Engineer: 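First, the structure itself, so that you have it in front of you.
Model, not experiment: these values are computed from the prediction. Counting from 1, the numbers follow the sequence of the chain as shown.
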Amino acid sequence: MNNGMKALFGAVLVVLFSMFSVSCSKQNDKNIVGKWQSTMINYQSYEGENLVEQSTENCINWYIGFNFKSDGTGQYIEYDSESGSSTSQVTWVIMDDKLMVTSESEQTTATFDIHSITGSQMVLSVTEEYSYDGLRAKDITTFTFKKI
């Protein structure tokens, strides 16, 4: 393959990749609109690169939820069968593979990694990295939601 063909092929790949990236983000924006309820939460704790603890909890008598509206606003919902529910107003935005949800009352932002968003299921995670006693550690919490 000559240099001109290589350059053209490379340019075509760059254009296709950028179109794919933009369309995925736009598709996530459309798929996320609606009401979501957690069904399962998976916790993983690492020390260095070693998994030291893992557990999974099904959301039976409690859940967290979101109601994402197409204008970038919505609600965050917490429900517990013993204490009832609470709702707070949020704004949200998707940037690449991140979902950022800002609580209007607390002015805090949670940043989730988007694993998948389909018409009926959403999988998000939050990673917290820290160190103690000179050891790197991280906790990863993965949330599975169903659209309701």
Side-chain angles (χ1 to χ4, degrees), residues 9-148:
F9 183 69
V12 169
L13 286 178
V14 168
V15 169
L16 288 174
F17 179 73
S18 65
M19 286 173 41
F20 178 72
S21 296
V22 169
S23 67
C24 285
S25 179
K26 294 290 185 199
Q27 188 63 38
N28 281 340
D29 288 357
K30 292 177 186 174
N31 283 341
I32 201 170
V33 172
K35 294 181 181 180
W36 297 91
Q37 178 179 324
S38 63
T39 58
M40 183 175 57
I41 298 178
N42 180 272
Y43 305 96
Q44 295 177 319
S45 291
Y46 291 85
E47 290 179 351
E49 298 300 317
N50 299 319
L51 178 64
V52 294
E53 186 177 342
Q54 180 171 352
S55 65
T56 300
E57 190 171 348
N58 292 315
C59 304
I60 297 174
N61 295 322
W62 64 274
Y63 66 85
I64 62 171
F66 292 103
N67 180 11
F68 293 118
K69 298 179 182 178
S70 61
D71 65 356
T73 64
Q75 291 84 34
Y76 168 75
I77 303 114
E78 289 184 10
Y79 171 79
D80 183 309
S81 62
E82 293 178 16
S83 57
S85 67
S86 65
T87 304
S88 59
Q89 299 301 309
V90 298
T91 57
W92 64 272
V93 64
I94 292 177
M95 298 182 84
D96 297 321
D97 62 347
K98 306 280 187 206
L99 166 64
M100 287 159 278
V101 179
T102 302
S103 167
E104 290 183 9
S105 61
E106 297 178 23
Q107 292 300 309
T108 57
T109 299
T111 301
F112 298 91
D113 292 313
I114 299 171
H115 295 272
S116 65
I117 302 174
T118 66
S120 61
Q121 185 181 53
M122 175 170 64
V123 180
L124 307 173
S125 69
V126 174
T127 301
E128 179 185 356
E129 297 187 55
Y130 54 95
S131 60
Y132 66 93
D133 296 333
L135 183 65
R136 278 189 7 253
K138 68 180 172 183
D139 296 331
I140 302 172
T141 306
T142 303
F143 303 87
T144 302
F145 294 87
K146 69 177 180 180
K147 199 167 207 176
I148 54 174

Engineer: Less than 4.5 Å apart, any side-chain heavy atom of Ile114 and any of Leu124?
Structural biologist: yes
Engineer: Between atom CD1 of Ile140 and atom CG of Asp113, what is the distance when rounded to the nearest 0.5 Å?
Structural biologist: 8.5 Å
Engineer: Which heavy atom in Phe145 sits nearest to a heavy atom in Ser38, and how many Å separate them?
Structural biologist: CD2-N, 3.4 Å
Engineer: Indicate yes or no for a side-chain donor-acceptor contact from Lys138 to the backbone of Gln44 under 3.5 Å, with no hydrogens or angles considered.
Structural biologist: no
Engineer: Which pairs, with at least one residue in residues 46-68 and sequence neighbours excluded, count as a salt bridge (Lys or Arg N to Asp or Glu O under 4.0 Å)?
Structural biologist: Glu49-Arg136
Engineer: Determine the minimum heavy-atom distance between Tyr46 and Gly48, stating which atoms define it.
Structural biologist: CB-O, 3.9 Å
Engineer: Can you tell me how far the CG atom of Asn50 sits from the CG atom of Leu135, to the nearest 0.5 Å?
Structural biologist: 9.0 Å
Engineer: Judged by atom type as modelled, is there a donor-acceptor pair below 3.5 Å linking the side chain of Asp80 to the main-chain atoms of Glu82?
Structural biologist: yes
Engineer: On a heavy-atom basis, which atom in Thr142 and which in Ser125 lie closest, and how many Å separate them?
Structural biologist: OG1-CB, 3.7 Å
Engineer: When rounded to the nearest 0.5 angstrom, what is the spacing between CG in Asn42 and OG1 in Thr141?
Structural biologist: 8.5 Å
Engineer: Considering only heavy atoms from C-beta outward, does the side chain of Glu104 approach that of Thr91 to under 4.5 Å?
Structural biologist: yes
Engineer: Working to the nearest 0.5 Å, report the span between OG of Ser120 and CH2 of Trp36.
Structural biologist: 7.0 Å
Engineer: Answer whether the closest heavy-atom distance between the side chains of Gln75 and Lys69 falls below 4.5 Å.
Structural biologist: yes
Engineer: Quick one: does Phe112's side chain get under 4.5 Å of Met122's, heavy atoms only?
Structural biologist: no
Engineer: Could you measure the distance from the OG1 atom of Thr109 to the CE atom of Met100? Nearest 0.5 Å is fine.
Structural biologist: 8.5 Å
Engineer: Is the NZ atom of Lys147 crowded by more than 12 outside heavy atoms at less than 6.0 Å?
Structural biologist: yes
Engineer: Check side chain to side chain donor-acceptor pair (under 3.5 Å) between Ser103 and all other residues, then give those that pass, not counting sequence neighbours.
Structural biologist: Ser105
Engineer: Apply the side-chain contact (heavy atoms from CB on, under 4.5 Å) test between Tyr76 and each candidate in Val90, Val101, Thr102, Asn67; give the one that qualifies.
Structural biologist: Val90
Engineer: For the CD atom of Glu78 and the OG atom of Ser83, what is their distance to the nearest 0.5 Å?
Structural biologist: 8.5 Å
Engineer: Examine distances only and state if a side-chain atom of Asp71 and a backbone atom of Thr73 form a donor-acceptor pair shorter than 3.5 Å.
Structural biologist: yes
Engineer: Please name the pair of heavy atoms, one in Ser45 and one in Asp139, separated by the smallest distance, quoted to 0.1 Å.
Structural biologist: OG-OD1, 2.9 Å
Engineer: Does any part of the side chain of Leu99, heavy atoms only, come nearer than 4.5 Å to the side chain of Phe68, both counted from C-beta?
Structural biologist: yes
